[in-house]
Every structure is written in C-alpha cells, then in structure tokens.
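Position 1 is the first residue of the sequence, and the numbers go up from there.
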Amino acid sequence: MASEAAAAAAKLERFLQWLQVNKAELRGCNIKYCDQNKGFGVFSSNDVSDGVLLVVPLDLAITPMRVLQDPLIGPECRAMFEEGEVDDRFLMILFLMLERLRNNSSWKPYLDMLPTTFGNPLWFTDDELLELKGTTLYRATELQRKRLLSLYEDKAKGLVQKLLILDGDLEIEVCFEDFLWANSVFWTRALNIPLPRSYIFPQVQEDQDIQSSLNHDSGVSHSDISAGDLTDGKDEERPKVPGVDGQSNETVWVEGLVPGIDFCNHNLKAVATWEVDGTGMAIGVPQSMYLLSAEKTPFQMEKEITISYGNKGNEELLYLYGFVIDNNPDEYLMVHYPVEAIQNVPFADSKMQLLEAQKAEMRCLLPKRLLAHGFFPEGATSNDNNSKGKAEKICSFSWSGQRRMPSYINKLVFPEEFLTALRTIAMQEDELFKVTSFLEELVGSEGVRQPTDTEVKTAVWEACGDSGALQLLFDLLQTKVMDLEENSGTEDCDTELLEKAQDVKNVEQCESKDTDEPGHYKLMSRNTWSSIVYRKGQKQLARLFLKEAEHALHLSLSEGG
C-alpha cells in the first residue's frame, strides 16, 4: 500500500506541474488521491471570494477540433470524418488510444493519472457479467462488446498502428484493450462544453470547411443517453461532430475532456458547476473553462468538490460510469414491446400503420418517482397538478362522448404514449374495424386528408378503452419480473446476499469465495456488489409497477373499459 501511495503521489506531482506549464490555475482547490474505487478527486484548499476553484485553458481540452487539427492524427482522420465514416466521439477515442501508446506523448502526465481499469460491465469477468443476467444491461453489454470489437478491427487497429510507425514507434503492438480503455475514458470523463463560436470557428478557410460539415442540432451529451438507447446501438453510429445549438449564434456545444475538471467525482448534491469564459470578463482568463462553487457558504478545508452527472438511475450509472448508488432516488425501469413481435399479432400490417400514424412509443422508462402518484404511494403525497393534467388529457380523447372517463385515471402512472402503442397492438378485429370507421367518418372514404396523430389516438381509445393495453402491460411486467428472478432469485435473495457480504467499500476487487464457517462473511468484488444493487432495484421496481398495472387492469375490467 505504501508503494501504491508513493506511485500515486509521483504521478500527481508530474500532473500538477504539467497543468502549471499549460497555464491551468488551481485557485481554491487541490487534486488528491481518494482510493482505488474513486481514483483522484478535487478538494477545497482555501476560501475564494469569487467562488472560482479551478481554471483550465480551452486549448488544453481534448475535443474533435483538436483531433482534426493535430499534426499526426489530424490528416488521417479528416478524410474519414468528412466522408461520414467516423463520428466525433470516435475521433477522441482514437486520439486517447494513440497518445497512450506513443512513447513521446506530451499528454503522458495527464494520461498516467487516469484509471487503467473501469467498473462498467464491459470490464466485468464472465462470472461478474452473469450477475446481470435477466437485466437490460446484460444484453446491452453483449451487444456493445461486439460493436466495439468490430469498430476496433475495422477502423481503429490498422490506423493507430500506421500512425505509431509514422511517429517512429515501430515496436509497439496495438490491442483491443487499448481501444476499450480509450472508450471507457471518454464515456466516464467527457463533458458537454458550451464553447464560444468564435473559438471553434476562427475565420480561416480550413476551419470553415469543418464548420460546413457540422450537424446543427442541439448538442447531446453522453449523460443524456440511457442504457436502453445504447441497446439499439444507434447513437454511437451517428456521423456527427460537435452538436451545435441552433438557437444561439454565440455558443457551440462540444463534447470533450477537460484535464483537471474531469477529476471531479459525482454526487447527487453537487457543490460545483463548470462554466466557460470566452472573453475573460468573468475570471480574467479568456478562452477558459472554470470550476465554480455552487455553495452559499465557504467550503470546509479538504471538502471534496463534486459535480452532478445528472439525475440518473443505476442502469445508466453502471453502464456509463461503472458505479451505482444504493437506494438511488432516480432509479427507473425500462419496459418495451419487441418490435419484431408485432409481426406475429393479428392484422400486423394495419396495426403498424396505426402505430406510425400515432407516433406511438414502443418502450417507456418508468421512474421510481411515478409511484408517488399511483394506487400504492406508500405514504408519498400525490401531486394534484399532475393529476389534473391527466384527467384533462383523457377528457379530450373521447371521440363521441360515449366512452366514460375511467375513475382511476388520476392514479394511472404509466405514460400515455406507451399505452397508446399497447392499445393498438392489443386491438381486436371488431375494434380495428371500428377505428377504421371512425377515421373514415372524419376524413371521408376518399381520404381527402390524412388524420392527425391526435385524431388517430382518439379513435383508438374510443374503440378500445384501456383493458387490452393494461392486460398487455401486465403481461410485459410479469415477464420482466420472471426474467429478473430466473437466474438470481427474488429481491429478498439479493438483500440477503448484500447483508452477508463484507463491506465492499473496504474490499478492493476481491475474488468472490464462499465459506461454510459460521460467523464468516463472503468476500465480494465491487463489480458483483454493483450488479446486485442494480438488479435488486430493478426487481423492486418491476414488482411495484406490476402491482400498479394489476390494480389498474382490475378497475378497468370492472368499469367495462
């Protein structure tokens, strides 16, 4: 342990010198080693009157523009990027991978500070990954591993090997673990940075060429991507460099890594935020990013400075960052109806057309907080404004006033967009004909215009009511519960495992082993502990939402809905 601490101290000293040479300023904080799980963190050092804790020049940020302008990697990547072969995230991952392997990299003091392994499921052993079986993350991790391996073989391996040879590093071998490391560094540390447009697009023709190829949509940070999205593998394939805020002529949102600020760890109650000073008017350093205290009172000495990664459930936290929060208030359950299964339902083609016309959602996220407004709030106070909105929405749905508004509508916790899809999928033959009749009555048999999505939703609800949708939802949730419990037992089983396990906060990557000796605990790896905490939360939510769906179904059937 002493040698480990000495090595960490030496790395930190080199990094602090590197920051100073590159004109970064630690005004009210220090960077210190926390532990093997958290790595390095940022801590308060002294009171600062303006609340500015750390200042980093934007020139030190790793962004897509930096990669494209790099003398070694830039020329090779520019053509790939302009032809849409790679996206902005791949550019930064490639840069990290290359700089880590180069013998003479100027980024070595920073890269040496970064973790060498990570707690996300991509780094799990086979046995640890089995702890996730039955959860959304299990399948997502399998798909992601295959996708990353393909991306490495097809695009990264040969290019990095070529660039190393050009740089004079003839004997360095490239391997998939290098690419996996760079991928994890990006996803765990990248921030969405609001940069001044003038900084991104200086008035030179070369950079105007880059500007013309940008996608002018709002920037999307990795923190906005759910594990459910990643299961589809769509987001990573987007051929898009920095996202641009189309509502502003002054700001360009760019994903990137900012050495120093990226050592802030996560907390639900963040004590700092980051800002960008383009002109120098705010902190006296133009074209810089700074860490700003969010506290109203001065920090205690040596208090850890944390930022928020967003209100995320354990599914996202584990998938992207490699940690979980016990009793996470932002936990959610993802439920979806498999698109491929629609082909096996009666009148599949007609139902697919109706789903498209309604812009129906085939999956939904069910946040834990929804339960406070349900049938079984467990002491939570219902939100009257939220309930009123639900009632008005359903009232406007009645086609002819013949279908009575359900008595339970203000207690129904499931998103209307998802119920719309389930109503359509569960529709019986006579209900389908009734919907067709309603729509023809509205737009005429000649179809002089297309009905709006709201009109189609109205017709479907009038014809079907809720019973079919709620029955299908109950079946989906029951299947979810069975999948979650099939390999690891009930929520109570997970609770027992966690209670019997040694306090893993003090156990660093121990191998799991059983013992029959009374009074002895089972040692558990942190990855296993994280998996059990995550799946236990999923089982709990699945059971609670199943209970809500069952009660809503009972009420719907009793009211003839």
For [X], give me all partners under salt bridge (Lys or Arg N to Asp or Glu O under 4.0 Å), at least two apart in sequence or on another chain.
X: Lys480; value: none
X: Glu361; value: none
X: Glu356; value: none
X: Asp262; value: Arg189

Within this structure, what is the [atom1]-[atom2] distance for the pair [X] and [Y], rounded to the nearest 0.5 Å?
X: Ser308; Y: Lys269; atom1: OG; atom2: NZ; answer: 12.5 Å
X: Leu333; Y: Leu541; atom1: CG; atom2: CG; answer: 6.0 Å
X: Leu191; Y: Thr63; atom1: CG; atom2: OG1; answer: 12.5 Å
X: Gln353; Y: Phe347; atom1: CD; atom2: CZ; answer: 13.5 Å
X: Ile532; Y: Glu496; atom1: CD1; atom2: CD; answer: 11.0 Å
X: Arg139; Y: Thr141; atom1: CZ; atom2: OG1; answer: 11.0 Å

Does some side-chain heavy atom of [Y] sit less than 4.5 Å from a side-chain heavy atom of [X]?
X: Phe438; Y: Val460; answer: no
X: Phe375; Y: Tyr408; answer: yes
X: Val456; Y: Thr424; answer: no
X: Glu316; Y: Tyr332; answer: yes
X: Leu151; Y: Asn183; answer: no
X: Leu257; Y: Leu96; answer: yes
X: Tyr319; Y: Leu122; answer: no
X: Ser531; Y: Thr528; answer: no

Taking salt bridge (Lys or Arg N to Asp or Glu O under 4.0 Å) as the cut-off, I'd like each qualifying pair that reaches into residues 545-561, sequence neighbours left out, listed once. none
Looking at Leu557, Leu553, Leu422, which one forms a side chain to side chain contact (heavy atoms under 4.5 Å, CB included) with Leu470?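 Output: one option passes, namely Leu553.
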Which of these, Asp466, Val335, Leu477, sits in a side chain to side chain contact (heavy atoms under 4.5 Å, CB included) with Phe414? Leu477
What do the steps show when you test Leu546 against Phe474 for side chain to side chain contact (heavy atoms under 4.5 Å, CB included), and what is the final call? CA-CA 6 Å; Leu546 178 64; Phe474 175 83; 3.4 Å; yes
Provide the closest heavy-atom pair for [X] versus [Y] in the form atom of the first, atom of the second, distance.
X: Val435; Y: Ala459; value: CG2-O, 3.8 Å
X: Leu439; Y: Pro451; value: CD2-CB, 4.1 Å
X: Met362; Y: Ala421; value: SD-CB, 4.1 Å
X: Phe179; Y: Leu148; value: CE2-O, 3.5 Å
X: Leu137; Y: Pro121; value: CD1-CG, 4.4 Å
X: Leu498; Y: Trp529; value: CD2-CD1, 3.5 Å

Backbone N/O of [Y] and side chain of [X]: donor-acceptor pair under 3.5 Å:
X: Lys539; Y: Gly489; answer: yes
X: Gln144; Y: Ala140; answer: no
X: Ser150; Y: Lys146; answer: no
X: Lys351; Y: Met427; answer: yes
X: Gln428; Y: Ala426; answer: yes
X: Glu331; Y: Asn328; answer: no

Where does the angle between the aromatic ring planes of Phe376 and His551 fall among parallel (under 30°), tilted (30 to 60°) and perpendicular (over 60°)?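 Taking His551 first and then Phe376, their aromatic rings stand perpendicular (interplane angle over 60°).
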Run the side-chain hydrogen bond (donor to acceptor under 3.5 Å, both in side chains) test against [X] and tell me which residues pass, sequence neighbours left out.
X: Gln538; result: none
X: Thr116; result: none
X: Thr495; result: Lys536
X: Asn265; result: Glu304

Any salt bridge linking [X] with [Y]? Criterion: basic side-chain nitrogen under 4.0 Å from a carboxylate oxygen.
X: Glu431; Y: Lys434; answer: no
X: Lys155; Y: Glu85; answer: no
X: Glu416; Y: Arg423; answer: yes

What residues, two or more places apart in sequence or in another chain, satisfy side-chain contact (heavy atoms from CB on, under 4.5 Å) together with Asp475?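 Expected list: Gln471.
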Please name all residues satisfying ring pair (Phe, Tyr, Trp, His ring centres under 6.0 Å) with Phe263, sequence neighbours left out, ordered by chain then number. Phe15
Any side-chain hydrogen bond (donor to acceptor under 3.5 Å, both in side chains) involving residues 334-347? Give me the pairs, sequence neighbours left out, ordered by first then second residue. none
Which is it for Ile307 and Tyr309 under the side chain to side chain contact (heavy atoms under 4.5 Å, CB included) test, yes or no, and what are the steps along the way? CA-CA 7 Å; Ile307 59 177; Tyr309 296 176; 3.9 Å; yes
Can you name the one residue among Thr135, Asp494, Asn487, Asn314 that meets side chain to side chain donor-acceptor pair (under 3.5 Å) with Arg535?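 Testing Arg535 for a side chain to side chain donor-acceptor pair (under 3.5 Å) against Thr135, Asp494, Asn487, Asn314 leaves exactly one candidate, Asp494.
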Is the number of heavy atoms from other residues, nucleotides or ligands under 6.0 Å of Arg145 CZ greater than 12?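 It does: Arg145 CZ has more than 12 such atoms within range.
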Candidate pair Thr136 and Tyr534, rule side chain to side chain contact (heavy atoms under 4.5 Å, CB included), full reasoning: CA-CA 11 Å; Thr136 303; Tyr534 158 63; 4.2 Å; yes
Does the side chain to side chain contact (heavy atoms under 4.5 Å, CB included) test come out yes or no for Trp181 and Phe118, once each step is laid out? CA-CA 8 Å; Trp181 173 86; Phe118 296 83; 3.7 Å; yes
